[in-house]
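So you know, we letter chains A, B, ... as the sequences are listed, proteins then strands, and number each from 1.
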There are 2 protein chains.
Amino acid sequence: MQGRDESAFSKDEVIIQREKLSDENLKRIIRDMGLKVTDQRLAILGVLSRGRAHVSAQEVFENVKPKYKEIGFATVYRFLKSLSEKQFVTEVRMGGFPARYELTPKSHHDHLSCSVCGKIVEFQNSDIERLQLLVAKNNGFKLTGHVLELYGICPDCQ
Amino acid sequence: MQGRDESAFSKDEVIIQREKLSDENLKRIIRDMGLKVTDQRLAILGVLSRGRAHVSAQEVFENVKPKYKEIGFATVYRFLKSLSEKQFVTEVRMGGFPARYELTPKSHHDHLSCSVCGKIVEFQNSDIERLQLLVAKNNGFKLTGHVLELYGICPDCQ
DNA sequence: GTCTATGCAAACTATTTGCAGGGAG
DNA sequence: CTCCCTGCAAATAGTTTGCATAGAC
């Protein structure tokens, strides 16, 4: 999808290591939430853990449907909501696009998203993080968190 | 609201000047967009320029209604959209909440807010802006905007 | 007078909820 | 066997669009 050579590879861009979760892991996550293990829930979690990060409910639905043709949107939304509430997944909303979901990453990162197609790229930049701390300190604040979302037009949409 | 002395004043912090727009100014804005001047449009712009920053379409509607009881949501949305497209207002979407609109500030700024008392400090930091551009460029994106919100605990609340 | 803007209602998109039956523990 | 979970359909919230009329220029 990206005819980009090594030299152009940004130091900021990160390929987040999403853990490969075994079926047993998935089941434990569900049980830890105090919920029952069902095929649908396993399938939804499977999509989140195996597939591309940042999937919309629609995409989850379409990925699960081949196996469980009778699954409904309600099931997808309801489970995604449970997962969000329990912090197992993070809901990312950008622009007017449908929410996208990712397994809550171990390592912090920010998002760069395309305002045309909605594609999301993750990045980390320690210089920005450091400057944020500085701004907070200069204002006497103790920094506890931040949201940094960059909007732009991706190479494919330009 | 700020029992703080001069020495603690950060170089990053800015007090945003929100311009007081006269009726003539409002009309000019509308004409400059190549649109016709109507009472409804003046009223909508008036709400944006006089009231609190970051109003939702709903709030604009409610503020205009007393004067123009027959106004419809469509008019509000349509004009807000025109204003956004022409960059006269900026659309801010956070979480799953309805979009909020503010007259595009002359000087760009970000927010540092206290998670205890809710106080908001606006700041500018050109180093961070520069780094953001770099991140976008490294990923082949054309940067069009960003949201940077820092959360922390202010001096008074620590 | 011409063409844009408006109000209304209906359409649309993303998401949530009510309900009766189905399945996990 | 008991609830929780599911699918379906209907409901909701925010926003957009189609259309006939009203109004700006």
Open item on the list: Quick check for you: to the nearest 0.5 Å, what is the distance between A/Glu70 atom CD and A/Thr75 atom OG1?
Closed with: 11.0 Å

TODO: Would you kindly give the CE-to-P distance between A/Met94 and C/dA14, to the nearest whole Å?
DONE: 17 Å

TODO: Indicate, with a heavy-atom threshold strictly under 4.0 Å, whether B/Gln58 touches base, sugar-phosphate, or nothing.
DONE: nothing

- [ ] Send over the distance from A/Phe73 CZ to C/dT13 P, rounded to a whole Å.
- [x] 12 Å

TODO: Go through the side-chain N and O atoms of A/Glu59 and A/His54 and say whether any donor and acceptor fall under 3.5 Å apart.
DONE: no

Open item on the list: Rounded to whole Å, how long is the line connecting atom NZ of A/Lys81 with atom C1' of D/dT6?
Closed with: 17 Å

Task: Heavy-atom protein contacts under 4.0 Å, nucleotides 19-25 of chain C, coded B base, S sugar-phosphate only, - none - done: ----BBS

Open item on the list: Quick check on C/dT15: is either OP1 or OP2 less than 4.0 Å from any side-chain nitrogen or oxygen of A/Arg93?
Closed with: yes

Open item on the list: From CZ of B/Arg100 over to C1' of D/dG14, roughly how many Å is that when rounded to an integer?
Closed with: 13 Å

TODO: Report yes if a side-chain nitrogen or oxygen of B/Tyr77 is closer than 4.0 Å to either non-bridging phosphate oxygen (OP1 or OP2) of D/dT16; otherwise report no.
DONE: no

- [ ] Compare every heavy atom of B/Leu26 with every heavy atom of B/Ser49, then report the nearest pair and how far apart it is.
- [x] OG-CD2, 4.2 Å

Open item on the list: Looking only at the side chains, is there a donor atom on one of B/His146 and B/Gln132 sitting less than 3.5 Å from an acceptor on the other?
Closed with: yes

Task: Qualifying residue for ring-ring contact (aromatic ring centres under 6.0 Å, His included) with A/Phe61, from A/Tyr68, A/Phe73, A/Tyr77 - done: A/Phe73

